[in-house]
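See structure below.
Quick note: numbers below take in every heavy atom, side chains included, and nothing from hydrogens, waters or symmetry partners.
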Amino acid sequence: MLQANPLIQAAEEGAHVVNELPIEAHWFGIIAFVLFTAMFLATMTFSPRSSLPDASDHHENPSALPSDEAHAVASYEAKRNR
């Protein structure tokens, strides 16, 4: 019966805050949004999709490709068109 007494007293007092947050709750969302946006921008900065390739880098004629690239394209097409 001694253990039930503190439980009853805690229930009668109602809810109380054990640890308060260091900042208001909405600031967690704002800070998370800013951090995720910064991480997204850093990812896009280092990804090849964020920069456009040079127009001079493309080959108009596939036969103008270097031999190693032509072999890679041919092996890719052979695997894809089984």
Side-chain angles (χ1 to χ4, degrees):
M1 189 68 182
L2 294 175
Q3 292 177 352
N5 193 16
L7 294 175
I8 293 172
Q9 288 178 353
E12 290 175 355
E13 291 176 7
H16 64 281
V17 176
V18 176
N19 293 324
E20 293 186 16
L21 296 174
I23 56 176
E24 294 182 25
H26 67 274
W27 284 106
F28 283 104
I30 293 170
I31 291 170
F33 176 77
V34 169
L35 288 176
F36 284 126
T37 302
M39 288 189 291
F40 172 73
L41 292 175
T43 301
M44 293 309 291
T45 300
F46 290 108
S47 78
R49 291 179 286 169
S50 67
S51 60
L52 297 174
D54 295 333
S56 62
D57 193 29
H58 299 293
H59 295 281
E60 297 284 331
N61 186 2
S63 64
L65 287 171
S67 63
D68 59 338
E69 290 183 15
H71 176 67
V73 169
S75 67
Y76 173 76
E77 288 177 352
K79 290 177 185 175
R80 190 164 186 206
N81 297 326
R82 292 184 183 191

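- Residue Ile30 is grouped with residue Ile23 when hydrophobic side chains (ILVMFWY) are merged at heavy-atom distances under 4.5 angstrom, including chains of intermediate members.
- One distance of note links CZ of Phe28 with CG of Leu21; it measures 5.0 Å at 0.5 Å rounding.
- The two residues Phe33 and Thr37 have their closest heavy-atom pair at O-OG1, 2.8 Å.
- We find the CZ-CG distance between Phe36 and Leu41 to be 13.5 Å, quoted to the nearest 0.5 Å.
- Of all heavy-atom pairs spanning Ser75 and Ala72, the tightest one is OG-O, 2.9 Å.
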